[in-house]
**Student:** 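Please see the structure below; I have some questions.
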Amino acid sequence: MKTDHCVTTALHSSLTAWFAAHARDLPWRRPEAGAWGVMVSEFMLQQTPVSRVLPVYEQWMARWPRPADLAAEPPGEAVRAWGRLGYPRRALRLHAAAAAIADRHGGEVPCDHAALLALPGVGEYTAAAVASFAYGQRHAVLDTNVRRVLARALTGVQYPPNATTAAERRLAQRVLPDDEALAARWAAATMELGALVCTARTPGCGRCPIAERCAWRLAGFPEHDGPPRRGQSYAGTDRQVRGKLLAVLREATAPVPREVLDRVWDEPVQRARALDGLVADGLVEPVADGVYRLPQRAPLP
DNA sequence: AATCCGTGGGC
DNA sequence: TGCCCAAGGAT
């Protein structure tokens with residue numbers, strides 16, 4: 001099936017015009033952010049709302065304005081500066097990516113999609129986002145916002161599948177503008193529409209620039225009928241214990257004895273498993289005889 | 001392919 | 001009040 005060329009062209013102009021009028025003034029969208037700023041923001045924004053990223057991003061960029069600045073410090077400093085953003089392995093991967101950029105790319109964030117994809121913590125989405133937002137290239141940028149907008153506007157369903165499918169990639173490629181600069185604006189605009197208007201819970205169709213052409217709206221807003229979109233529980237999991245352990249280590253200025261860490265969780269088996277997991281992940285470093293700290297040296301390759 | 005990996009805000 | 005959700009990636 002083919003979407004008519006005129007239809008997609010109308011979508012492009014409607015959405016990019018809306019974006020020009022309503023785009024948020026986010027720091028990583030300003031020219032001075034550069035590719036490094038875009039990359040830092042993309043790491044932080046993985047599964048994390050903009051409002052919580054903003055203050056951490058500003059401090060991060062002030063402290064480490066270039067990849068080499070971050071690479072020159074111990075990975076534990078990245079974990080500490082990450083604060084309570086969540087998923088602290090992202091901090092470790094961003095540090096490792098900075099080291100790779102300093103080592104293999106002359107200190108400049110690569111513009112090549114494959115080179116980006118090869119960096120730690122950079123997957124399909126982040127590689128496309130950096131290439132598109134920082135370098136103006138033409139890529140299908142499939143994040144949760146874009147996937148939801150395409151699912152509704154073009155496929156006519158309430159929610160996209162749980163994991164990105166080949167059909168979604170084909171659809172995104174098919175509606176991607178041919179022109180490189182326009183494609184980059186389209187990517188940012190569809191993402192912004194999903195974040196501000198076409199939201200998961202209660203979409204603001206009254207404010208949507210493409211509501212008249214939205215397949216989901218025209219179909220009468222059919223409810224999601226696939227398998228339940230089950231979120232993961234959190235209370236009582238290893239993740240919660242890991243979070244508590246790492247919070248203690250982030251705040252500490254000196255290595256922490258195990259007895260202090262033991263206070264964060266009652267159940268000893270799970271507590272030990274969580275700490276072992278953090279050590280295995282390189283988020284925590286055993287110093288000596290039951291004393292721990294954030295990692296001072298990068299894990300061996 | 002299904003699970004794991006943090007944290008907090010909104011409804 | 002729980003539950004859903006937030007610019008994913010790695011295994």
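In what follows, chains carry the letters A, B, and so on, assigned in the order in which the sequence lines appear, proteins first and then strands, with residues in each chain numbered from 1.
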**Student:** Could you tell me which residues satisfy side-chain hydrogen bond (donor to acceptor under 3.5 Å, both in side chains) with A:S41, sequence neighbours excluded, listed by chain and number?
**Tutor:**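 Once residues adjacent in sequence are excluded, A:S41 has no partner under the side-chain hydrogen bond (donor to acceptor under 3.5 Å, both in side chains) criterion.
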
**Student:** Would you call A:D238 and A:R273 a salt bridge, using N to O less than 4.0 angstrom?
**Tutor:**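 Yes, A:D238 and A:R273 are salt-bridged.
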
**Student:** Please give, in whole Å, the distance from C:dA7 C1' to A:W186 CH2?
**Tutor:**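 Distance check: A:W186 CH2 to C:dA7 C1' gives 17 Å.
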
**Student:** Remaining members of A:V157's ILVMFWY cluster at a side-chain heavy-atom cut-off under 4.5 Å?
**Tutor:**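 Same cluster as A:V157: nobody, lone residue.
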
**Student:** For A:M44 and B:dG8, give me the distance from atom CE to atom P, rounded to whole Å.
**Tutor:**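 One finds 16 Å between P of B:dG8 and CE of A:M44, rounded.
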
**Student:** Considering only B:dG6, B:dT7, C:dG8, which nucleotide approaches the side chain of A:R239 most closely?
**Tutor:**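 From the listed options, B:dG6 comes nearest.
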
**Student:** For A:R169, which residues count as a side-chain hydrogen bond (donor to acceptor under 3.5 Å, both in side chains) partner, sequence neighbours excluded?
**Tutor:**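 Listed in chain order: A:E124.
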
**Student:** The criterion is side-chain hydrogen bond (donor to acceptor under 3.5 Å, both in side chains); which residues satisfy it with A:W216, sequence neighbours excluded?
**Tutor:**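 Not a single residue meets the side-chain hydrogen bond (donor to acceptor under 3.5 Å, both in side chains) criterion with A:W216.
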
**Student:** Residues sharing A:W265's hydrophobic cluster, by side-chain heavy-atom contacts under 4.5 Å among ILVMFWY, directly or via others?
**Tutor:**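 So far as hydrophobic clustering goes, A:W265 is joined with A:V79, A:L92, A:V241, A:L245, A:L246, A:V248, A:L249, A:V256, A:V260, A:L261, A:V264, A:L275, A:L278, A:V279, A:L283, A:V284, A:Y292, A:L294.
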
**Student:** Quick one: ring pair (Phe, Tyr, Trp, His ring centres under 6.0 Å) pairs with a partner in residues 161-198 of chain A, sequence neighbours left out?
**Tutor:**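 Every ring pair (Phe, Tyr, Trp, His ring centres under 6.0 Å) pair that includes a residue of residues 161-198 of chain A, provided the two are not neighbours, is A:H12-A:W186.
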
**Student:** Of the residues in residues 247-269 of chain A, which ones touch DNA chain C at a heavy-atom distance under 4.0 Å?
**Tutor:**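 Contacts with DNA chain C under 4.0 Å: none.
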
**Student:** Tell me, which of residues 128-142 of chain A have any heavy atom that sits under 4.0 Å from an atom in DNA chain C?
**Tutor:**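 None - not one residue of the stretch has a heavy atom sitting under 4.0 Å from the strand.
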
**Student:** Can you list every ring pair (Phe, Tyr, Trp, His ring centres under 6.0 Å) pair that touches residues 79-107 of chain A, not counting sequence neighbours?
**Tutor:**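 Pairs touching residues 79-107 of chain A that pass the test: A:W60-A:W82.
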
**Student:** Base, sugar-phosphate, or nothing: which does A:S51 touch, judged by heavy atoms less than 4.0 Å apart?
**Tutor:**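 No contact.
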
**Student:** Going 5' to 3' along nucleotides 1-6 of chain C, which nucleotides have protein heavy atoms under 4.0 Å from the base (write B), which only from the sugar-phosphate (write S), and which from neither (write -)?
**Tutor:** ---BSB

**Student:** Please collect all ring pair (Phe, Tyr, Trp, His ring centres under 6.0 Å) contacts where either partner lies in residues 138-165 of chain A, sequence neighbours excluded, each pair once.
**Tutor:**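 The answer is A:H113-A:H139, A:Y159-A:H224.
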
**Student:** Sequence neighbours excluded, which residues qualify as side-chain hydrogen bond (donor to acceptor under 3.5 Å, both in side chains) partners of A:D103?
**Tutor:**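 Not a single residue meets the side-chain hydrogen bond (donor to acceptor under 3.5 Å, both in side chains) criterion with A:D103.
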
